[in-house]
Structures are given as C-alpha cells and as structure tokens.
Amino acid sequence: MAGAGYSRSMEALTRATLAGAGLFAASTAAGLVFEYLARNRIAARLGPAEYGRVYLVLAGAAILAKVAQAGSAMGVKRFAALHVAEGRPELAAAYIRAGLAVALLASAVIAAAVWAWSAPIARLLLGSSAEAPLVVIAAWVVPGLACLDVLQGALIGLKRTGAAVLASPLSEKALVLVFLAPLLSVAPSASGGLLAVGIATVLAAGIGFVLVGAGRRAAVPASSVARDLLSFSWPLQVASVLSLLMLRLDATMAGAFVSAREVGYLHAALPLAELSLVGFAAIVTVMTPSLMEYVARGDRDGMRAYYGRIQASALHVAGPAAALLIAFPGEVLTTLYSAEFLPAVPLLRALAVASLVTVACGPSGAALVALGRPRAHLAATIAGVAALGALDVALLPRIGIEAAGAARAGGFLAFHGLGLLLLRRHLGGTGTLARTARFAATVALATLAGSAAGRLVDGAMARLALGGLALAAVYVISVLSFAPSAAPQGIREVENVV
C-alpha cells in the first residue's frame, strides 16, 4: 500500500507540473499575441522611427530590471516552495517580502540614476538629449518590471501558476492595449506609447501584490532573511545574465566573421529552432515547487524518479518539433520566409540538433537550484558560454555561418552536460543516458519516416503536411514501443513517456 501511495504521489506531482507548464506556455503565447497587437498599433500610428525609439528604451529598461532584482526572483521561487512544503508559510512570506524589498529598492535607485543622467543617456541611445523625457519614462518602468519578476516567481513557488500568469504576462500585456489607444490619441508620439507600457506594468505589479497577499509575519529578523536570499541568489543572477549571453552570443559574434547575408540566415533560423524549446522552458519554470516537496522531505530517491519523469515528458514535448525541422528545413524556410533562405538549411538542421541537446540533458539547472547548489549551476553556465565563444571564434572564420549551429550544440553540451554531471554528484544517477538513447532512436525513426513520406508529393506545403503526419505517427508508435512495460520496483527509473 505504501508503494501505491508513493506512486500516486509521484503521478500527482508529475501531472501538476505538466498542467502548470501547459498553462504557462499557453499564457506566454497569449502574451505574445497581445504584445504583437500593441507593437502593430504603435508602428501603424507612429511610424518606424518612433516605434524604434519606444522599443529601444524599453529594451534597456528590461535589462536594468533584470539587474535590479539580483536573481531574487529565482531565489524567492525556491525558498517560497521549500517553506510551503515544510509547512512554514510565514517563512515563505518573509522571503517573498525580502525579494520584493530588494527588487524595489535596487530598481528605485537605478531609476533615479537614469533620471539624473537622462540627457547623456538619450544622447548615447537616441542621438539627441532632447529625447531625455523618453528615457525618464522608461526609467520608471524598471521598478514595475523588477517587482513583476519577483511576484511571478513567488506565485509559482506558492503553487499558484494561474495567478502568476494572470499578473504576468496576461495582465501586463493586455493592459498595454487598454491604455494604448487613449494615450496615443492624447500624445501621438513615442511618449504616449511608453506611458501606456509604464502604466500597464505598474498596474500588473499591483495585481501581483494583491494575488500574493501579505502572509503572516515570521519570527525572524527581516535583515537575516534578506542576507540569506541575496547570498543564495547572486550566483543565479550571474548565471541568468550569462545564459542570456549564451543564447545570443553566436548571433552577436557572427557579424565579425561572416557576411551580412549569412547573419540574416542565422537570425531567420534561430527563432525556428528555439520554438522547439518552448515547452521545455515552461516545464523548467514551473517544476520548482514539486522538486521542493522532495527536498523538504529529504527524499532524494523520489526526486530522482520525479526528475526522470519530467525529463521524459520534456523530451517528447520538444522531439516532434525538432524532428520536423531536421526532416523539412527547406520547406519550413520557404514557407515562412522565401526560397532566398534555402542556403540556411544546414544551419537550421544544426540548430535543431542543438535544441535536442538541451532537452536530452534535462532540466539539471532547476534541480541544482532546488538542491541549494546555485554555484554549481553557475559553474555549468560559465562552461557553456566559454565553449560556445571558443567554438564560434574557431569555426566561424573557417566554415561560415553553418558553424554557428555546431558551436551552439557544443556550447549547450558543455553547459547541460556539466550540469548533469554535477547533478549526478549531488543527487545521484537519474537514468538520463538510457532515456536519451531511446529518445534519439525515436527522433531518428520519425525523421526518416517523415522525410520518406514527404518525397511522395510535390510542393513545400504538401510535403510538410504529409511528412508531418507520417513523422507524428511514427513518433507516437516509437514512443509506445520504447516505453517500459512496467516501472521497476523502487525508484531506479519510474518513467511515463506518454
């Protein structure tokens, strides 16, 4: 009976994680639609120049907001989940308050500094000190964005994913549309667009505050909680910045080694390859509370089994999309862009393989953070950035833009591979190699079947349709064939791949 209860608990946590990931992915997609509508309205009303000014200064505000929260969003998510799992909600509330205090204080200082230096910043970014009012408006978006990050982490840590996505991205993006029309009517300029974004961000943060609630006061000094949070979070902040650099390093360095046309190929292929990681990213975002259940109980065997299930799910969420890109890169590029982008076919295939490397190694970073090993996660991130940069410098001048895919695969392998080795050291084996071997066989069979079916018809759309159906069918059959007929006793590997 205990084994049955254990299995039900594992199943419930897995289902909760996947349901939360689905909700997070769907809300992210809805937020992207709202953002597209807002961007479209600003561009249509103001023209390219003013549109460019709006989103240039907003990009700067987003970077400053990430700096301001100092990794506390991830730290708050981890500690809130841990203390809720331990039955100490008052400590969870204390860490949430500490994270918000850090974000609010640091972002206010940054906003004040940007306000004081708005004229030289405007001259640097926008070419004229007369654009300083735009910089001032954007500066005061920073506290809202920083607090929204922390509030979303807090709500996910509290197992309230629905509330988290309601605050951001849904309310944040939808409110921009609400305020955009009246403000552009009053101020048909970049200032009007920025004010709409600023008001929406502040209101969304307010919604997040209400959804989080005050919580009970903990009998621990607030300064002690803040120090603990910052000590844990600073490696996560550095890792977050380096991860962003790793995702954009090849796109940034390519211009120094290849032609503008080849850089265009890279920027066309990168978003397509990254689409296959949307589900994986959503799973990583929402899995922390379930991981912390095992940490709170000291149940490393259960954590390993849960990690195996989640990795298996992530593999088969990302697998079909990546297999489609490997089987039909030319058809995808022709359909979404034009035949001029067909030279990017080898690059797109390599980038799709790089995405598969990420999911094959699993969400080791999230597990390391849950185990209280942020410095191990940082070490893996540093290794990934160093490997990617070195491969770009070594290969791009010799091979051309196709090397960007190989460099990304190598960088991701160094990052996630080292993360997996460190996870094995701190947690134990998770069955990743056997699971990845089955996954590789599944992707290979599905890719070959889809390619063969696609050759039976003419036209890019027809090949995508028929080949995609064949690929999906063989993928599902392969998953069923490779799935174990029954889970072994204990938790050596409890895997539910379908």
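Below, each value reflects all heavy atoms present in this structure, side chains not excepted, and no hydrogens, waters or symmetry copies. Keep in mind that this is a model prediction, so the values were computed, not measured.
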Undergrad: So N40 and L37, do their side chains get closer than 4.5 Å, heavy atoms only?
TA: no
Undergrad: Out of curiosity, I63 CD1 to I110 CD1, how far, rounded to the nearest 0.5 Å?
TA: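 If we round to the nearest 0.5 Å, I63:CD1 and I110:CD1 are 11.5 Å apart.
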Undergrad: Spell out, as yes or no, whether a donor-acceptor pair under 3.5 Å connects the side chain of Y307 to the backbone of G302.
TA: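 Side chain of Y307 to backbone of G302: no pair is present.
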Undergrad: Check whether any side-chain heavy atom of F439 sits under 4.5 Å from a side-chain heavy atom of H316, and report yes or no.
TA: yes
Undergrad: Can you tell if the side chain of W117 reaches within under 4.5 Å of the side chain of L124, non-hydrogen atoms only?
TA: no
Undergrad: Specify the closest pair of heavy atoms between V150 and A103, including all atoms of both residues, with the distance to one decimal.
TA: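 So the minimum-distance heavy-atom pair works out to CG2-CB, 3.8 Å.
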Undergrad: How long is the span from the CD1 atom in I96 to the CG atom in L91, to the nearest 0.5 Å?
TA: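 I96 atom CD1 to L91 atom CG measures 11.0 Å (nearest 0.5 Å).
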Undergrad: Let me confirm one number: the CG-CG distance from L418 to L368, rounded to the nearest 0.5 Å.
TA: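 Going from the CG atom of L418 to the CG atom of L368 covers 9.0 Å.
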Undergrad: If we only count heavy atoms from C-beta on, is the P120 to S129 side-chain gap below 4.5 Å?
TA: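 A side-chain contact is absent here, since even the closest heavy-atom pair is not under 4.5 Å.
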Undergrad: Hey, could you give me the CG/CG distance between L184 and L195, rounded to the nearest 0.5 Å?
TA: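 The CG atom of L184 sits 9.5 Å away from the CG atom of L195.
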Undergrad: Should L155 and T161 count as side-chain neighbours, where that means a heavy-atom distance under 4.5 Å?
TA: no
Undergrad: CG/L175 to OG1/T201 distance, rounded to the nearest 0.5 angstrom?
TA: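 Here the interatomic distance stands at 9.0 Å.
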Undergrad: Starting at OG1 of T358, measure out to CG of L413 and round the result to the nearest 0.5 Å.
TA: 9.5 Å
Undergrad: A cation-pi test, strictly: NZ or CZ of R39 under 6.0 Å from the centre of the six-membered ring of Y55 and no more than 45 degrees from its axis. Yes or no?
TA: yes
Undergrad: Tell me, do W115 and V136 make a side-chain contact under 4.5 Å, heavy atoms counted?
TA: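 Sidechains of V136 and W115: in contact.
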Undergrad: Decide side-chain contact (heavy atoms from CB on, under 4.5 Å) for V359 and L277; before the verdict, give the C-alpha distance in whole Å, the side-chain angles of both, and the deciding distance to 0.1 Å.
TA: CA-CA 8 Å; V359 293; L277 294 176; 3.8 Å; yes
Undergrad: Is a donor on one side and an acceptor on the other found under 3.5 Å between the side chain of T436 and the backbone of A360?
TA: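 Present.
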Undergrad: Closest heavy-atom contact between P143 and A139?
TA: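 Nearest heavy atoms, P143 then A139: CD-O, 3.5 Å.
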Undergrad: Test your reading of the model: is there a side-chain donor-acceptor pair from S355 to the backbone of S276, 3.5 Å cut-off?
TA: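 Flag not set: sc S355 to bb S276 has no pair under 3.5 Å.
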Undergrad: For L427 and M303, what are the C-alpha separation, side-chain angles and deciding distance, and is it a side-chain contact (heavy atoms from CB on, under 4.5 Å)?
TA: CA-CA 8 Å; L427 180 64; M303 188 173 177; 4.0 Å; yes
Undergrad: May I ask you to decide if T285's main-chain N or O and K77's side chain share a donor-acceptor pair within less than 3.5 Å?
TA: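 A pair under 3.5 Å: yes.
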Undergrad: For A85 and M292, which heavy atoms make the closest approach, and how far apart are they?
TA: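 Closest pair (atom of A85, atom of M292, distance): CB-O, 3.8 Å.
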Undergrad: Using only atom types and a distance under 3.5 Å, with no angle test, would you say the side chain of E50 pairs donor to acceptor with the backbone of S191?
TA: no
Undergrad: If you take all heavy atoms of E172 and V176, which pair is closest and at what distance?
TA: O-CG2, 3.3 Å
Undergrad: Output yes when a side-chain donor or acceptor of E131 lies under 3.5 Å from a complementary backbone atom of L134, and no otherwise.
TA: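 No, because the side chain of E131 does not come within donor-acceptor range (under 3.5 Å) of the backbone of L134.
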Undergrad: Do the side chain of S233 and the main chain of L229 share a donor and acceptor less than 3.5 angstrom apart?
TA: yes
Undergrad: Indicate yes or no for a side-chain donor-acceptor contact from S185 to the backbone of A181 under 3.5 Å, with no hydrogens or angles considered.
TA: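 Yes, S185 side chain to A181 backbone: donor-acceptor pair under 3.5 Å.
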Undergrad: Please confirm whether the backbone N or O of A370 pairs with a side-chain atom of R78, one donor and one acceptor, at under 3.5 Å?
TA: yes
Undergrad: Show, in sequence, the C-alpha distance, side-chain angles and deciding distance for L388 and V385, and conclude whether the side-chain contact (heavy atoms from CB on, under 4.5 Å) test is met.
TA: CA-CA 5 Å; L388 178 58; V385 173; 5.9 Å; no
Undergrad: Give the ring-plane orientation class for H416 versus F412, where under 30° counts as parallel, over 60° as perpendicular and anything between as tilted.
TA: perpendicular
Undergrad: At their closest point, which heavy atom of L351 faces which heavy atom of A404, and how far apart are they?
TA: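 Closest heavy-atom pair between L351 and A404: CD2-O, 4.5 Å.
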Undergrad: Answer yes or no: is there a donor N or O on one side and an acceptor on the other, between the side chain of E86 and the main chain of R88, under 3.5 Å?
TA: no
Undergrad: Output yes when E11 and R309 qualify as a salt bridge under the 4.0 Å nitrogen-oxygen rule, no when they do not.
TA: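 Yes.
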Undergrad: Do L371 and L291 come within less than 4.5 Å of each other through their side chains, counting heavy atoms only?
TA: no
Undergrad: In terms of side-chain geometry, is the basic nitrogen of R408 or E274 positioned less than 4.0 Å from the acidic oxygen of its partner?
TA: yes
Undergrad: Just to verify, what does Y95 make a side-chain hydrogen bond (donor to acceptor under 3.5 Å, both in side chains) with, not counting sequence neighbours?
TA: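 For Y95, the residues satisfying side-chain hydrogen bond (donor to acceptor under 3.5 Å, both in side chains) (neighbours in sequence not counted) are D228.
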Undergrad: Under a plain distance cut-off of 3.5 Å, with no hydrogens placed, do S290 and T17 share a side-chain donor-acceptor pair?
TA: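 A donor-acceptor contact under 3.5 Å links the two side chains.
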Undergrad: Show the nearest heavy-atom pair for residues A407 and D392, with the distance to one decimal.
TA: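 In this case the closest contact between A407 and D392 is CB-OD1, 3.2 Å.
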Undergrad: Starting from the C-alpha separation in whole Å, work towards a yes-or-no answer on side-chain contact (heavy atoms from CB on, under 4.5 Å) for S107 and Q69.
TA: CA-CA 7 Å; S107 60; Q69 48 102 347; over 6 Å; no
Undergrad: Students often mix this up, so state it plainly: with edges at 30° and 60°, are the rings of F415 and H377 parallel, tilted or perpendicular?
TA: tilted
Undergrad: Hey, does L100 have a side-chain heavy atom less than 4.5 Å from the side chain of F209?
TA: yes
